[in-house]
Amino acid sequence: MGAVTSSSTSPKAVQAPKQDRSRATRQRLLEAAVACLAEHGWAGSTVSVVAERAGVSRGAAQHHFPTREDLFTGAVEYVAEERSAALRALPVQGRAEVVAALVDLYTGPLFRAALQLWVAASNENQLRPRVTELEARVGRETHRIAVELLGADESRPGARETVQGLLDMARGLGLANLLTDDTARRARVVAQWAALVEEGLG
């Protein structure tokens with residue numbers, strides 16, 4: 001009689017697709033949470049709404065993120081990672097292009113979603129410390145990347161303040177863009193700031 005071959009699948013082979021599905025579900029939830037925050041704000045962004053948008057059950061959502069705070073702080077951390085990845089992916093180019101790219105990050109849906117969470121955190125005691133810590137970390141990382149992209153020498157007097165002023169300006173333009181399309185005025189402001197950065201950093 002011929003040898004019997006086993007058709008059983010190894011546990012590792014079964015586990016890998018399951019892990020892939022889990023990661024994909026988590027990714028969909030984070031993307032849906034960001035979109036909901038940007039479109040509906042904190043009040044309209046419940047776990048059920050996010051789960052429905054992501055195409056998963058509420059139970060599946062709570063498996064990955066047990067509380068609403070877990071879900072939305074996870075979403076903002078995802079926003080921060082995406083923002084940093086976009087910055088790091090910028091090709092080496094002139095300072096004017098870097099200034100424009102930094103401003104673009106603060107005028108898109110990622111910033112809008114983060115802003116909604118900031119507003120919620122100002123009124124939610126359970127959420128505030130988590131968002132405060134996260135934003136401090138995001139701020140440090142954004143500043144570090146901006147310094148690198150701009151080729152700024154922070155040992156030079158005023159250089160650090162010039163970079164921070166640029167980031168504060170970009171954030172302000174993002175706020176101005178929330179209610180109306182501020183594209184035309186923003187282009188003029190960005191051009192002027194690019195000149196100021198060039199002068200300030202030497």
Side-chain angles (χ1 to χ4, degrees), residues 23-89 99-146 164-186 189-190:
R23 280 193 292 267
T25 298
R26 188 176 191 278
Q27 178 78 6
R28 289 204 306 275
L29 284 166
L30 291 173
E31 290 174 351
V34 170
C36 286
L37 273 176
E39 294 174 17
H40 308 302
W42 172 257
S45 298
T46 63
V47 174
S48 295
V49 168
V50 172
E52 182 178 356
R53 185 171 188 136
V56 304
S57 68
R58 180 184 171 90
Q62 290 180 315
H63 170 74
H64 289 276
F65 302 100
T67 69
R68 187 185 186 202
E69 289 77 13
D70 288 333
L71 173 59
F72 287 104
T73 52
V76 170
E77 189 154 16
Y78 168 73
V79 167
E81 290 168 359
E82 290 290 294
R83 204 162 67 189
S84 295
L87 277 174
R88 285 191 293 266
V99 169
L102 286 167
V103 170
D104 284 346
L105 286 177
Y106 285 97
T107 53
L110 294 180
F111 175 74
R112 186 183 292 263
L115 181 62
Q116 293 292 344
L117 197 65
W118 296 348
V119 173
S122 69
N123 298 309
E124 299 280 342
N125 290 334
Q126 190 173 0
L127 197 58
R128 188 181 303 122
R130 300 173 72 171
V131 174
T132 300
E133 187 278 330
L134 176 60
E135 282 303 317
R137 179 153 48 87
V138 170
R140 288 191 298 269
E141 175 70 0
T142 302
H143 185 99
R144 185 190 66 76
I145 295 173
Q164 191 57 56
L166 166 62
L167 296 176
D168 290 344
M169 179 276 299
R171 192 178 294 113
L173 289 177
L175 290 171
N177 197 55
L178 284 174
L179 298 178
T180 59
D181 184 355
D182 204 35
T183 304
R185 187 183 72 89
R186 186 166 70 244
V189 173
V190 170

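What you see is a predicted model; the values in this text were computed from it and never measured. We're numbering straight along the sequence, starting at 1.
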Peer 1: Is Val103 close to Met169 at the side-chain level, that is, under 4.5 Å between some pair of heavy atoms?
Peer 2: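 Touching, per the 4.5 Å side-chain cut-off.
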Peer 1: Side-chain contact, heavy-atom cut-off 4.5 Å: Phe72 with Val131?
Peer 2: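 They are not in side-chain contact.
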Peer 1: Look up atom CG in Leu175 and atom OG1 in Thr107, then write down how far apart they are to the nearest 0.5 Å.
Peer 2: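 Reported to 0.5 Å precision, the distance equals 11.0 Å.
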Peer 1: To the nearest 0.5 Å, tell me how far Gln62 CD sits from Leu71 CG.
Peer 2: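 So the CD of Gln62 and the CG of Leu71 are separated by 10.0 Å.
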Peer 1: How many angstroms lie between atom CG of Leu173 and atom CG of Leu102, to the nearest 0.5 angstrom?
Peer 2: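 Atom-to-atom, Leu173:CG and Leu102:CG are 11.5 Å apart.
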Peer 1: Is there side-chain contact between Val138 and Leu134, with at least one heavy-atom pair below 4.5 Å?
Peer 2: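 When only atoms from C-beta onward are counted, Leu134 and Val138 do touch, with a gap below 4.5 Å.
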Peer 1: Would the number of heavy atoms belonging to other residues, nucleotides or ligands and lying under 6.0 Å from CD of Glu52 be above 12?
Peer 2: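 Open.
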Peer 1: Please step through side-chain contact (heavy atoms from CB on, under 4.5 Å) for the pair Gln116 and Phe111, ending with a clear verdict.
Peer 2: CA-CA 9 Å; Gln116 293 292 344; Phe111 175 74; over 6 Å; no
Peer 1: If you round to the nearest 0.5 Å, how far is CZ of Arg28 from CZ of Arg23?
Peer 2: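 Reported to 0.5 Å precision, the distance equals 13.5 Å.
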Peer 1: Quick one: pull up CZ in Arg130 and CD in Glu77 and give me the separation to the nearest 0.5 Å.
Peer 2: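 Going from CZ on Arg130 over to CD on Glu77, the span is 10.0 Å.
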Peer 1: Work out which heavy atom in Gly41 is nearest to a heavy atom in Ser45; give both atom names and the distance.
Peer 2: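 Shortest heavy-atom contact: O-OG, 2.6 Å.
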Peer 1: For a 4.5 angstrom cut-off between non-hydrogen side-chain atoms, does Tyr106 reach Arg112?
Peer 2: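 Not touching, per the 4.5 Å side-chain cut-off.
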Peer 1: Looking only at non-hydrogen atoms, find the nearest pair between Ala61 and Val47 and report the distance.
Peer 2: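 Ala61 and Val47 have their closest heavy atoms at CB-CG1, 4.0 Å.
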Peer 1: Which heavy atom in Val119 sits nearest to a heavy atom in Asn123, and how many Å separate them?
Peer 2: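 Distance-wise, the nearest heavy atoms are O-ND2, 3.5 Å.
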Peer 1: Compare all side-chain heavy atoms of Arg53 with those of Val49 and state whether any distance is below 4.5 angstrom.
Peer 2: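 With C-beta onward as the side chain, the pair stays apart.
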Peer 1: Please find the pair of heavy atoms, one from Cys36 and one from Val50, that lie closest to each other, and give the distance.
Peer 2: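 Scanning both residues completely, I find the closest heavy atoms to be SG-CG2, 4.0 Å.
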Peer 1: Decide yes or no for Val34 and Leu37: does some side-chain heavy atom of the first lie under 4.5 Å from some side-chain heavy atom of the second?
Peer 2: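 SC-SC contact between Val34 and Leu37 ruled out.
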Peer 1: On the ring face of Trp118, is Arg128 found with NZ or CZ under 6.0 Å from the centre and within 45° of the axis?
Peer 2: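 Not flagged: Arg128 not positioned over aromatic ring of Trp118.
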Peer 1: Using salt bridge (charged side-chain N to carboxylate O under 4.0 Å, His left out), reason through Arg137 and Glu141 one step at a time and then give a plain yes or no.
Peer 2: CA-CA 6 Å; Arg137 179 153 48 87; Glu141 175 70 0; over 6 Å; no
Peer 1: Rounded to the nearest 0.5 Å, how far does OG1 of Thr73 lie from CZ of Phe65?
Peer 2: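 Here the rounded value is 8.5 Å.
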